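Owing to the predicted nature of the structure, the values given are computational and were not obtained by experimental measurement.
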Amino acid sequence: MLSTKTAPNPITLDNRGSKTPDNVDIKAQRMGFEFDEQVPQYWMEESPFFSHLMNALSVLFPQGEQFFVDSVRAFRDQIDDPKLKAEVRGFIGQEAMHSLEHMAMNQHVRDRGMPVDEMEKQLNVVLDVAKLLPKRHQLAITCALEHITAMMADMLLERDDVREGMHETMRPLWAWHAIEETEHKAVAYDVFQQVGGTYAERTFYLIFSTAALGVMASYFTGRMMLNDAKRFSITDTGKSLWRMWGKNGTFSSLIPTWFGYFKPGYHPWDNDNSELIARFKAEIQAYIAPEYQNGNRKTLQ
């Protein structure tokens, strides 16, 4: 499933608030994924460590995406570009769907004996602290984390080996999430630019947010590994870390893209992978549950 390579398709930027290509349509779609006994406990490369890491990222998504929505919504009345206004509505709807689908996955992780409730409470404390920052700084955090999720999404769609490492029961969720993260990767950034966000703000908060995400994801992974201590393996952990951070690793390969955010004049659509989106989106339609075939526009509250 989901194997393609595309050539770059440069875009021409203008002075509109939105810089998203016209062939990208940001709309919410509920999928209705279900996770049952067919999902193996170690669904990512049959690795306990790698699977717990991906589960940890999933635990971060529902509350994290609510934070993203709130930070963008705070400036919705200041947007004067009709196209960007429509994209903000699409962004909110898509993040709502991501939250719902990952809540379903997180319940599956909880049912496997992982301390999801405890981790969610801890994450809530961290986000409550972040909400004490000025509103534009919160938006800068969202821009930074959207940059990270977008580059991870692009990597997942580009690399067959990463998708093939996922069990077939989990692959559609992560591919669908990657498609929509790519579709709306510039929305928060364009809002940030329109409301006067500065280079210093966006670059400082990329460093800050990367560190915070790394700490939380590592801690959550560690908690799950501790709960699953009988399956701990130095060999598995070492192989997984090399797979992530070694030569052409899933994360190490993203370092140049991460640094691209520091370029003056940077924009998320400098890398136009809209043709990649279109090709994968055509395949993912087959995984929409029957009750959601006509779409769903529920948004986060």
Side-chain angles (χ1 to χ4, degrees), residues 1-6 8 39-61 64 102 105 109 114 119 144-175 177-179 181-182 185 203 206-263 266 268 270-271 273 276 280:
M1 174 193 173
L2 308 171
S3 174
T4 184
K5 299 292 181 184
T6 61
V39 181
Q41 184 170 1
Y42 307 123
W43 59 269
M44 184 68 184
E45 299 192 354
E46 301 181 351
S47 162
F49 182 89
F50 219 150
S51 300
H52 288 315
L53 172 62
M54 296 297 286
N55 290 341
L57 291 176
S58 184
V59 172
L60 292 169
F61 286 140
H102 279 279
M105 175 180 167
V109 174
M114 294 297 116
M119 292 186 288
L145 291 171
E146 283 287 297
H147 174 63
I148 293 171
T149 56
M151 66 187 193
M152 292 175 66
D154 186 64
M155 175 269 296
L156 189 149
L157 296 177
E158 284 280 2
R159 292 183 55 166
D160 296 347
D161 62 315
V162 175
R163 296 189 308 280
E164 289 167 0
M166 298 177 173
H167 191 267
E168 60 183 6
T169 56
M170 280 291 191
R171 192 183 303 133
L173 166 67
W174 292 88
H177 195 160
I179 292 165
E181 285 298 330
T182 304
K185 65 181 178 178
T203 53
L206 177 62
I207 298 170
F208 174 88
S209 301
T210 302
L213 176 62
V215 169
M216 293 301 296
S218 297
Y219 173 67
F220 283 4
T221 302
R223 286 290 291 110
M224 292 191 189
M225 291 292 291
L226 186 63
N227 258 50
D228 194 26
K230 291 183 179 180
R231 294 302 303 270
F232 175 75
S233 163
I234 293 177
T235 300
D236 171 67
T237 302
K239 286 181 178 179
S240 297
L241 289 171
W242 176 256
R243 182 77 170 86
M244 290 185 285
W245 294 106
K247 184 178 180 180
N248 197 36
T250 51
F251 295 154
S252 62
S253 64
L254 302 177
I255 292 174
T257 306
W258 185 86
F259 275 108
Y261 197 76
F262 293 90
K263 182 182 74 174
Y266 161 85
D270 289 342
N271 170 33
N273 50 1
L276 191 63
F280 277 99

Let me see the working for His177 and Leu156 under side-chain contact (heavy atoms from CB on, under 4.5 Å), right down to the final yes or no.
-> CA-CA 10 Å; His177 195 160; Leu156 189 149; over 6 Å; no
Carefully, step by step, assess Leu157 and Thr182 under the rule side-chain contact (heavy atoms from CB on, under 4.5 Å).
-> CA-CA 10 Å; Leu157 296 177; Thr182 304; 4.1 Å; yes
Verdict with reasoning, Arg243 to Ser47, per side-chain contact (heavy atoms from CB on, under 4.5 Å) = CA-CA 11 Å; Arg243 182 77 170 86; Ser47 162; over 6 Å; no
For Leu254 and Met152, what are the C-alpha separation, side-chain angles and deciding distance, and is it a side-chain contact (heavy atoms from CB on, under 4.5 Å)?
-> CA-CA 7 Å; Leu254 302 177; Met152 292 175 66; 3.7 Å; yes
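Using a 4.5 Å heavy-atom threshold, the side chains of Val59 and Met224 count as touching. No side-chain heavy atom of Met114 sits under 4.5 Å from any side-chain heavy atom of Asn55.
The ring-ring contact (aromatic ring centres under 6.0 Å, His included) search around Tyr219 returns none, not counting sequence neighbours. Not counting sequence neighbours, the partners of Thr257 by the side chain to side chain contact (heavy atoms under 4.5 Å, CB included) test are His147, Met151. Under the side chain to side chain contact (heavy atoms under 4.5 Å, CB included) criterion, Tyr42 pairs with Pro48, Ser51, His52, Asp228, Arg231, not counting sequence neighbours.
Trp174 contributes atom CH2, which lies 5.0 Å from atom NE2 of His102 (distance to the nearest 0.5 angstrom). Rounding to the nearest 0.5 Å places CG of Leu57 at 6.5 Å from OG1 of Thr221. Considering CG of Leu145 and CG of Leu206, their distance stands at 8.5 Å, rounded to 0.5 Å. If you take OH on Tyr261 and CD1 on Ile207, they are separated by 11.0 Å, rounding to the nearest 0.5 Å. Note that CE of Met54 and OG1 of Thr250 are 8.5 Å apart. Values are rounded to the nearest 0.5 Å. Separation of atoms CZ (Phe49) and CG (Asp236) is listed at 8.5 Å; rounding is to 0.5 Å.
Ion pairing between Asp154 and Lys185 fails under the 4.0 Å rule for side-chain N and carboxylate O.
Taking all atoms of both residues into account, the shortest heavy-atom contact from Ser218 to Gly214 is OG-O, 2.7 Å. Nearest heavy-atom pair, Tyr266 versus Gly260, reported as atom, atom and distance to 0.1 Å: CD1-O, 3.4 Å.
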